[in-house]
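In each ligand, atom 1 is the first atom listed, and ligand 1 is the first ligand listed. We're numbering straight along the sequence, starting at 1.
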Amino acid sequence: MTLVEKVKKRERLTQEEGEALYDLDLFVLGELADEIRQERFGKKSYFNINRHINPTNVCADICKFCAYSASRKNPNQYTLSHEQILEIASSSIANGAKELHIVSAHNPNDGVEWYMGAFRKIRAKFPDVHIKSMTAAEIDFITREYGHSYDEVLDMMIENGVDSMPGGGAEIFDEKIREYLCKGKVTSEQWLDIHEKWHNRGKESNATMLFGHVETRAHRIDHMLRLRELQDKTGGFNAFIPLVYQKDNNFLKVQTFPTGQEILKTYAISRILLDNIPHIKAYWATSTINLALIAQEFGADDLDGTIEKESIQSAAGAKSAMGMQLVEFVDMIQSAGFIPVERDSLYNELKIYSREKN
Ligand code: SF4
């Protein structure tokens, strides 16, 4: 049986077969991924109205690819107070945001209560907003810095109002590449362990992969397969998000941007390989909006959201600093031939936008 036949029969692929997918013609691969996407979601493309809040850029870790952390090239340190975080949340929720996506650098100055107090205050003031916060890397940092166990931090998150976990900090799971990129940060095994513990509490999370830097195609496939293995056990990942490496203002010194073809192949392969993770997200903040729109034909069914404001990827050169207007976002999805569906953070459908009655 050929590889293409195997995919058409929906058989599971191995590491070697995953790597061989990259050798297929881009459009053959796209068609295979699109078939699977259409089987599950037709022409629907999901997004949510969210606000990214990055409360501090002060960081004790030193990831080579990072342009956001204030401990390296960025001299402009900031840490938001709870009042400032609440103010941002208030204005975003007044503008329609239903999810607050809160991700911080690893600030050694503020203690666990700075995190938990912020969640508690947001939850008290806005009982309905979805709080997506604390990457596995942040959780691991807190346990190292303040002497808590993973279980304690995860329980505190739930008690204080966190609904789901973002997928950040995964980078690339291969241990050698990881050691080169971000020595000292959460290990691959720990990242997976934290998500497993979260899923075992009945909670959902996202998973990411940072690609297009020093990793090989084989490392990407290995990364996806480690996620697939955990997902077989827990079923708690709701989306996989391949993040395209941004080259500005960091210490990695990789100055090339992966080609559009390589990015689209990676989306398509993730759709084919990750047969147990429902949503593949083309996060336009790192892929560019134009490529994210095309990615809808290569297996991606989710374009993240309007974002409103974003600091981490834009520090490294992404054009996402000011987010996007809802009308513009919906119009672009429709013009690309897809049906925009506003979702909540757990993929319940809130509004289907038809051309006639937006
Ligand atoms: S990627 Fe995160 S943990 Fe690493 S240096 Fe940047 S802010 Fe710190």
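Ligand-side atoms of ligand 1 in range of Ala105: 7 (S), range being under 4.0 angstrom from any heavy atom. Less than 4.0 angstrom separates some heavy atom of Ser69 from each of these atoms of ligand 1: 5 (S), 6 (Fe). Which parts of ligand 1 touch Asp61 is read off a 4.0 Å heavy-atom cut-off, strictly below it: atoms 3 (S), 5 (S). In the vicinity of Lys185, heavy-atom distances shorter than 4.0 Å reach the ligand 1 atoms 1 (S), 3 (S), 4 (Fe). Near Cys59, meaning under 4.0 Å from any of its heavy atoms, are these atoms of ligand 1: 3 (S), 5 (S), 7 (S), 8 (Fe).
In this structure, Trp191 and Phe237 have parallel ring planes: the angle between them is below the 30° cut-off, well short of the 60° mark.
At least one N/O/S atom of Cys66, whether from backbone or side chain, sits less than 2.8 Å from atom 6 (Fe) of ligand 1.
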Let me check something: any side-chain donor-acceptor pairs from residues 290-297 under 3.5 Å, sequence neighbours excluded? List them with distances.
| unit_1 | atom_1 | unit_2 | atom_2 | d |
| --- | --- | --- | --- | --- |
| Gln296 | OE1 | Ser45 | OG | 2.6 |
| Gln296 | NE2 | Leu293 | O | 2.9 |

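Between Phe47 and Phe329, the ring center distance clears the sub-6.0 Å criterion.
Both the backbone and the side chain of Cys63 come within contact range of ligand 1, each with a heavy atom under 4.0 Å.
There is a side-chain donor-acceptor pair under 3.5 Å between Tyr22 and Thr266.
Side-chain contact check for Lys8 versus Glu35: some heavy-atom pair is nearer than 4.5 Å.
Looking at residues two or more places apart in sequence or on another chain, you find a side chain to side chain donor-acceptor pair (under 3.5 Å) between Gln15 and Glu19.
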